[in-house]
Protein chains: 2
Amino acid sequence: MNTDFLDRLKRFDIPTCLRVCAGTDGSVTFLLEIMTRHDVTVLTEDQHQVPADEDMASLFNIDVGDDVNCRVVTLIADGVPYVYAKSLAPIGRMPESVRTDMTRADIPIGKILREHDIETRRDFDTIEMVKGESLFGCKSVLSRSYRIVHNGDVLMWINEQMPVDERWNL
Amino acid sequence: MNTDFLDRLKRFDIPTCLRVCAGTDGSVTFLLEIMTRHDVTVLTEDQHQVPADEDMASLFNIDVGDDVNCRVVTLIADGVPYVYAKSLAPIGRMPESVRTDMTRADIPIGKILREHDIETRRDFDTIEMVKGESLFGCKSVLSRSYRIVHNGDVLMWINEQMPVDERWNL
């Protein structure tokens, strides 16, 4: 456990459901469904592949130039956007069985991992309040980053941004 | 995903934080810490080993008579009890590195898995309202059961019971 991550999270004076979504070591999409009691829509804003730069190569322990899938999505429940998520995933790292789903749009990561019975752990990196940016009409934004680890390798790096406002009073 | 589990959960008209704890595919102890902003105490009510009966042998795919660790704990935050959890875990199934921690009292399961970098998935079985029982001074009780799977084997079976009342308005 990254105790610094947990300590920081506990100190934030934010709605409980937001703190839960920002802190869970499980699936965020799944939590949103439970909290809102509505289906969650994954709206893909962008998806493309890039050759790994030095930072990506170091993060994933792959070679510079290896293919990396970049995806940006918005998670929406009952018409309300809750999470803006960017992910990076090295194509060659994905288990063969999930590669097609992973590079397809509009399927939540947690659902893919679950449907293919993939065992994982989630390692937290950072959590912070981002100043001077606006998200979904809100000027206060909570940002967290973590890695999904499978068979000891980093399968995916994810950054999630969430607006800090009353929409989380669920 | 057990969609029946999720559908049932969504239909319950219960406090959001209770629905989240009863539905998470991550660590419950960890969620409780985030929700309450207090450390969670694991109070061990009972711990002993039993030889597996037919049902346990079938559940874990082990031989009848193999050692199974039974643990009953209460999860408490800021003096308030939230979860009463029973677990069964076959001793021989535990990774060598975690066996000592697993059979020790007062360490949350999620913390043990995390500290030993164990990759898992959680497979839901049942969720239901239990009638005619009382828990922590509350006459309405939500009960769920699930399995923690590691390397394709069932590492642990867990039943968690949670009182359905206003203590979850966090």
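Chain letters run A, B, ... following the sequence lines, proteins first and then strands; every chain starts at 1. In what follows, every heavy atom counts, from backbone to side chain, and hydrogens, waters and symmetry copies are set aside.
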A:F12 reachable from A:V164 in the ILVMFWY side-chain graph, under 4.5 Å edges: yes
Atom of A:G26, atom of B:D25 and distance for their closest heavy-atom approach: CA-OD1, 3.3 Å
Contact summary for B:M35 and A:R19, nearest pair of heavy atoms: O-NH2, 3.4 Å
Single-linkage hydrophobic cluster, 4.5 Å side-chain cutoff, A:V141 and A:F136 together: yes
Minimal non-hydrogen separation, B:R11 against A:R37, with atom names: O-NH2, 3.2 Å
Max heavy-atom pair count under 4.5 Å with chain A, selected residue of B:G152, B:P15, B:S27: B:S27
ILVMFWY cluster, A:V83 and A:L88 together (side-chain gap under 4.5 Å): no
Residue A:N169 versus chain B: region with a heavy atom under 4.5 Å: neither
Closest-packed option against chain B by number of heavy-atom pairs under 4.5 Å, given A:D13, A:D123, A:T36: A:D13
Contacting region of A:I118 [heavy-atom separation from chain B under 4.5 Å]: backbone
Within 6.0 Å of CG in B:N61, more than 12 heavy atoms from elsewhere: no
Heavy-atom pair count under 4.5 Å with chain A, highest-scoring of B:V20, B:T24, B:L113: B:V20
Which portion of A:H150 sits near chain B, non-hydrogen atoms under 4.5 angstrom: both
Smallest separation among heavy atoms of A:L6 and B:F30, with atom names: CD1-CE1, 3.5 Å
Donor-acceptor under 3.5 Å (A:R121 side chain, B:T120 main chain): no
Linked, directly or transitively: B:V73 and B:I91 (ILVMFWY side chains, under 4.5 Å): yes
Closest contact, heavy atoms only, A:K10 versus B:E33: NZ-OE1, 3.0 Å
Heavy-atom closest pair, residues B:T16 and A:L170: OG1-O, 3.1 Å
ILVMFWY network linking A:I14 to A:V28, side-chain heavy atoms under 4.5 angstrom: yes
